[in-house]
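Note on naming: letters A, B, ... go to the chains in the order of the sequence lines (proteins, then strands), and numbering restarts at 1 for each one.
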2 protein chains.
Amino acid sequence: MDHFMPSVSNLTDHTGYLMRLVSNAVSQDFACKVAAIGVTVAEWAFLRVLFDTDGIAPTALADKMGMTRGAISKLADRLLAKGLIRRSDSQTDRRAQVLALTTQGRNMVPDLARLADENDAETFGLLTTAERAALDQILKTLIERRSLTTTALD
Amino acid sequence: MDHFMPSVSNLTDHTGYLMRLVSNAVSQDFACKVAAIGVTVAEWAFLRVLFDTDGIAPTALADKMGMTRGAISKLADRLLAKGLIRRSDSQTDRRAQVLALTTQGRNMVPDLARLADENDAETFGLLTTAERAALDQILKTLIERRSLTTTALD
DNA sequence: TATTGTTATACTCTATAACTATA
DNA sequence: TATAGTTATAGAGTATAACAATA
């Protein structure tokens with residue numbers, strides 16, 4: 001007499017689960033590092049985009065970052081309160097706004113970038129050069145195929 | 001006259017950033033799928049652990065899942081309200097409790113596991129077999145080296 | 001009518017710590 | 001005193017939708 005054993009996959013059978021484990025750990029480590037400078041991970045990404053695309057509209061930034069306009073609005077409020085960005089009215093469209101870095105904000109970006117470099121090195125430095133290259137390639141493949149082009153991929 | 005150009009790394013130069021992008025997208029997709037059954041991603045993991053380790057204490061579960069006792073307590077409240085788990089007092093230690101699946105909860109796990117399988121296939125099926133194997137291996141390496149043994153890795 | 005940006009609401013997840021009851 | 005579990009608080013992130021002003 002056979003028992004039909006329903007095969008129930010383990011959590012760790014799923015690549016998505018493994019990735020969430022690693023990703024959350026890396027993000028939390030990074031969050032601790034940037035917290036020392038007084039910003040969050042989302043704020044760092046916001047500032048980094050403005051570093052290249054200064055004078056961007058909130059809606060455009062939302063598209064670029066894969067966030068809603070409401071979320072961008074709240075983030076902008078916080079960064080404004082911290083004196084890291086400026087919010088001004090568009091000259092051409094009286095509904096629209098323009099977001100830009102303050103001098104303080106702009107000066108902070110290289111420091112934050114360095115922390116991001118460090119964090120990446122600490123975590124992924126554990127891998128061989130080949131493994132690391134493979135991982136980057138695979139992640140970029142997934143991002144492309146799934147059109148997760150939150151921030152233009154170079 | 002040289003300008004010293006401070007090199008500021010891009011967001012996409014960081015493996016951690018790429019991974020967060022992919023991981024968040026995968027998790028959100030999965031969250032939508034399991035929401036149809038009425039649970040969250042964290043609740044799925046909770047139920048899946050109980051499926052193998054029925055009758056576990058909250059503190060032990062917190063250790064196993066890499067969460068605080070407070071977080072486990074809130075999760076347990078929700079799962080209790082949904083009728084998916086049972087909470088009883090330990091026989092041996094009157095401070096301690098025992099968490100176990102209800103019949104309804106146990107019956108739900110294979111369905112959830114199937115959704116997790118599907119979600120994984122949809123996302124990582126885009127990769128070649130070799131790429132997928134490499135990704136799993138690399139993630140497991142990172143989890144081991146960083147001791148992210150939230151749930152025992154097989 | 002559609003779009004820009006803000007605001008309100010709500011929910012998940014996380015972290016810290018105060019609290020009780022028991023050991 | 002240490003441990004088991006609960007609860008309160010707070011902040012980050014996410015999502016939806018109502019709203020006022022402008023196009």
Side-chain angles (χ1 to χ4, degrees), chain A residues 17 20-21 23-35 38-46 55-82 85-99 148 150, chain B residues 17 20-21 23-35 38-46 55-82 85-99 148 150:
Chain A
Y17 179 80
R20 190 162 65 89
L21 228 55
S23 176
N24 288 350
V26 175
S27 287
Q28 276 175 36
D29 283 357
F30 186 47
C32 283
K33 288 195 175 73
V34 293
V39 302
T40 67
V41 175
E43 288 169 4
W44 143 246
F46 189 116
I56 193 176
T59 297
L61 187 58
D63 291 344
K64 218 170 168 53
M65 294 186 65
M67 299 174 68
T68 61
R69 284 171 300 156
I72 290 292
S73 190
K74 280 205 306 182
L75 261 182
D77 284 345
R78 288 213 310 258
L79 290 168
L80 209 59
K82 293 177 184 175
I85 66 168
R86 236 175 319 114
R87 191 152 39 184
S88 39
D89 293 332
S90 163
Q91 305 285 355
T92 54
D93 185 337
R94 284 170 53 206
R95 294 172 303 183
Q97 297 179 350
V98 168
L99 301 173
L148 301 178
T150 52
Chain B
Y17 179 80
R20 190 161 66 89
L21 230 53
S23 175
N24 288 349
V26 175
S27 287
Q28 276 176 34
D29 283 356
F30 186 47
C32 283
K33 289 196 176 72
V34 295
V39 301
T40 67
V41 174
E43 287 169 5
W44 142 248
F46 189 117
I56 193 177
T59 297
L61 186 59
D63 290 344
K64 217 169 168 56
M65 295 185 63
M67 298 174 69
T68 61
R69 284 171 300 157
I72 291 291
S73 188
K74 282 204 306 182
L75 261 183
D77 284 345
R78 288 212 310 257
L79 290 169
L80 209 59
K82 293 177 184 175
I85 66 168
R86 236 175 320 115
R87 191 152 38 185
S88 39
D89 293 332
S90 163
Q91 305 285 354
T92 53
D93 185 337
R94 284 171 54 206
R95 294 171 303 181
Q97 296 179 351
V98 168
L99 301 174
L148 301 179
T150 52

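In this structure, Thr59(A) reaches the sugar-phosphate backbone alone: every heavy-atom distance under 4.0 Å involves primed, P, OP1 or OP2 atoms, never a base.
Each of Leu75(B) and Gly70(B) was assigned the nucleotide of DNA chain C with the nearest heavy atom; the assignment lying further toward the 5' end belongs to Leu75(B). For the pair Arg87(A) and Arg20(A), nearest-nucleotide mapping onto DNA chain C gives the more 5' position to Arg87(A).
For the side-chain contact (heavy atoms from CB on, under 4.5 Å) test, residues two or more places apart in sequence or in another chain that qualify with Thr68(A) are Ala71(A). Partners of Arg87(B) under the salt bridge (charged side-chain N to carboxylate O under 4.0 Å, His left out) rule, at least two apart in sequence or in another chain, are Asp77(B). In this structure Lys82(B) satisfies the side-chain hydrogen bond (donor to acceptor under 3.5 Å, both in side chains) test together with Glu43(B), sequence neighbours excluded. By the side-chain hydrogen bond (donor to acceptor under 3.5 Å, both in side chains) test, Arg94(B) pairs with no residue at all, sequence neighbours left out.
The interatomic distance linking Asp77(B) (CG) with dC11(C) (P) rounds to 15 Å, in whole Å. Leu80(B) has its CG atom 16 Å from the C1' atom of dT7(D), to the nearest Å. Between Ile72(A) atom CD1 and dA15(D) atom C1' there is a gap of 14 Å when expressed in whole angstrom units. Per the geometry, CD1 belonging to Ile56(A) stands 13 Å off P belonging to dT4(C), to the nearest Å. Rounded to whole Å, atom C1' of dG5(D) lies 13 Å from atom CG of Asp63(B). At whole-Å resolution of the value, NZ in Lys74(B) and P in dA4(D) are 21 Å apart. Nucleotide dC13(C) holds its C1' atom 15 Å from the CZ atom of Phe46(B), rounded to whole Å. Taking atom CZ on Arg78(B) and atom P on dT6(D), their separation rounds to 14 Å, with Å as the unit.
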Report task. Classify every nucleotide of nucleotides 18-23 of chain C by which part a protein heavy atom approaches to under 4.0 Å, writing B for the base, S for the sugar-phosphate alone and - for neither, in 5'-to-3' order. Result -> ---BBS
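Here the nucleotide nearest the side chain of Thr40(A), chosen from dT14(C), dT14(D), dG13(D), is dG13(D). Among the nucleotides dA10(C), dC13(C), dT6(D), the one closest to any side-chain atom of Ser73(B) is dT6(D).
Contact between Leu99(A) and Ile85(A) at its shortest, heavy atoms only, is CD2-CD1, 4.4 Å. Minimum interatomic distance between Gly55(B) and Val98(B) (heavy atoms only, all atoms of both residues): CA-CG1, 3.4 Å.
Listed in residue order, the members of residues 26-34 of chain A having a heavy atom less than 4.0 Å from DNA chain D come to none.
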